[in-house]
Engineer: 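Below is one structure. I have some questions about it.
Counting starts at 1 for both ligands and their atoms, following the listed order.
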Amino acid sequence: MKTRFAPSPTGYIHMGNARTALFSYLAAQAAGGDFVLRIEDTDAERSREEYVDALREDLLWLGLPWQEGPDADKGNGPYWQSQRDAIYAEYYQKLEDMGMIYPCFCTPLELEVMRKMQAQAGLPPRYDGRHANLTPEQVAQRKAEGQPFTLRFRVPKGEEVVFDDMVKGKQRFKTNDIGDFIIARGDGSPAFFFCNAIDDALMGITHVLRGEDHLTNTPRQIMMLKALGLPIPQYGHMNLILGTDGAPLSKRNGSRNIRQMQSEGFRPDAVLNYMARLGHYYENPAYMTPAELGAQFKVENCGSAPARFDEAQLHYWQKEAVMRMDDASWWEWIGAETRALVPSTQQVAFIEAIRPNTVFPQDALTWAKILFTPLAFDSETEAAIAAAGPAFLTAVETHVKASYSDMIDAVKTASGAKGKALFLPLRLLMTARHDGPEMAKLWHLIDSEAMLARLGQVMTVQEG
Ligand code: GLU
């Protein structure tokens, strides 16, 4: 099996096309096959080299390396469509020799009028074939006059294109519903339909997984490949991803580009565990390594109903991934600002105590500030701590250097407090929060001077 990801470098990759890349990658992994990266940069105006660099970095960050593609030519390159003009020219020629394509001299205005008339007559918009049968003399004359032209594929009439979609099942398209379509633009550049199909065939792609927005392109591509006697891959069109509001996933309802997720602190394995389940079902509900995700991926488990993006699910996998980081990576991940707050003698204890409570690096920063910078209580917190009473607070004060268990025993004995009445004032005193990491661990992270300063705020209030 050979799959591919064929992005157009006109922007950063976002969740939608990252999922397309992921499923293609996983399908190849599952079959022990190869994953190809091909850059579809035929739109010279919108394609940018910086987006090519970015998408390569993003794929590698996610952990989706390609076995074939830029930097890994396996004899099928170049892998930039902008460098394959000579190859496309050869196939235009073949189609021309077979009489399968013809030049169309319609101007954009003419095509617009055609569409309007069809709309008025209640007909679907379709090229009406008006230049399909110009004589060689007419063609020569128009060319001599310098009239610009596109190349159109001559769609056979009265046939049916049938294929088994790996995700959506059997698909049938009547060729009479498909107008002769453009395979080379007015400036001579190849149209998407054309070079995408030619490259899949020439690069030996056996399975194409892509978004369902491409479903109607497929019969056109099959017709061309058939005409050229080139191998036709198996196609699978993946369901759409919807946002929480039910509209297609976009920036407005939760989609982000992969760079942005990386800078927000998302872990690549969290993104993979989440996305591999977005419209694909795994028997195994647990966290999986990228290798396991690959081994257990099944194209037939791709659903054809729209998948719904769910931020809470993504955060669940993020937590799972953070728990699995090694200490060194976690320490790196939390960022320089946080690292600078943690005394070096406390580094190991900090990691152990705080990691279970971090979903994003920002959480570690919040806890580092609580533990290692002066903590000011609001009046409500102050009152809640003071309510524990002088005996309680004095016991904490005198045992400020004791171990957590000795301090707890002393407080219990002095105040008689237990359960919530014992633990809540202590937690508030240490963190000004109602919940958080294990208190025994926090106690040893907070410097005794800092603890006395916190007690001081509350005890002053009591006395005053
Ligand atoms: N360049 C196309 C896109 O980004 C590729 C479509 C395909 O996967 O066939 O939509």
Side-chain angles (χ1 to χ4, degrees), residues 1-28 33-49 51-52 54-56 58-59 62 64 66 68-70 76 78-84 87-88 161 163 165-168 171 173 181-185 189-225 230-241 248-250 255 257-258 275 279 299 302:
M1 180 186 285
K2 208 182 205 186
T3 63
R4 50 59 165 187
F5 178 49
S8 307
T10 55
Y12 294 122
I13 54 172
H14 49 77
M15 288 167 130
N17 49 21
R19 187 190 60 152
T20 305
L22 174 63
F23 281 25
S24 301
Y25 172 85
L26 294 175
D34 280 344
F35 174 59
V36 177
L37 174 63
R38 179 175 73 232
I39 310 297
E40 302 214 320
D41 57 348
T42 52
D43 184 341
E45 232 152 72
R46 293 174 58 227
S47 297
R48 290 219 235 121
E49 199 54 37
Y51 291 133
V52 177
L55 76 89
R56 292 166 71 177
D58 292 351
L59 288 176
L62 281 169
L64 310 180
W66 48 97
E68 184 176 336
N76 299 310
Y79 296 90
W80 277 264
Q81 288 188 327
S82 60
Q83 295 170 20
R84 295 175 65 83
I87 297 170
Y88 304 138
V161 181
F163 63 95
D165 188 282
M166 291 182 283
V167 178
K168 294 187 173 299
Q171 303 292 312
F173 292 87
F181 53 87
I182 294 176
I183 65 168
R185 301 191 192 103
S189 65
F192 159 75
F193 297 120
F194 177 75
C195 44
N196 177 268
I198 297 286
D199 288 347
D200 283 341
L202 296 183
M203 292 178 179
I205 305 301
T206 60
H207 295 74
V208 169
L209 273 171
R210 59 183 176 187
E212 65 183 4
D213 48 324
H214 287 292
L215 184 61
T216 55
N217 294 332
T218 304
R220 293 169 170 83
Q221 297 188 308
I222 290 176
M223 283 190 281
M224 279 186 302
L225 294 175
L230 289 172
I232 299 169
Q234 261 187 278
Y235 292 93
H237 291 88
M238 284 151 39
N239 57 4
L240 214 66
I241 309 177
L249 190 63
S250 71
S255 184
N257 67 52
I258 299 301
M275 285 199 319
V299 175
C302 290

Engineer: Would E68 and R4 pass as an ion pair if we require N to O under 4.0 Å?
Structural biologist: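 The answer is no: the pair does not qualify as a salt bridge.
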Engineer: For D41, which residues count as a salt bridge (Lys or Arg N to Asp or Glu O under 4.0 Å) partner, sequence neighbours excluded?
Structural biologist: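 By the salt bridge (Lys or Arg N to Asp or Glu O under 4.0 Å) rule, D41 matches no residue at all.
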Engineer: Could you please provide the protein residues found below 4.0 Å of ligand 1 on a heavy-atom basis, arranged by chain and number?
Structural biologist: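 If the criterion is a heavy atom under 4.0 Å, then ligand 1 touches R4, A6, S8, E40, F192, N196, R210, H214.
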Engineer: Rounded to the nearest 0.5 Å, how far does CD1 of I183 lie from CZ of R220?
Structural biologist: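 If I round to the nearest 0.5 Å, the distance is 13.0 Å.
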Engineer: Measure the shortest side-chain to side-chain distance between P7 and L37 over non-hydrogen atoms and say whether it is less than 4.5 angstrom.
Structural biologist: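 Touching, per the 4.5 Å side-chain cut-off.
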Engineer: With a 6.0 Å cut-off on ring centres, are Y25 and F5 close enough?
Structural biologist: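 Judged by ring-centre distance (under 6.0 Å), Y25 and F5 do not meet the cut-off.
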Engineer: Between F173 and F163, how do the two ring planes meet: parallel, tilted or perpendicular, split at 30° and 60°?
Structural biologist: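 Correct class here is parallel.
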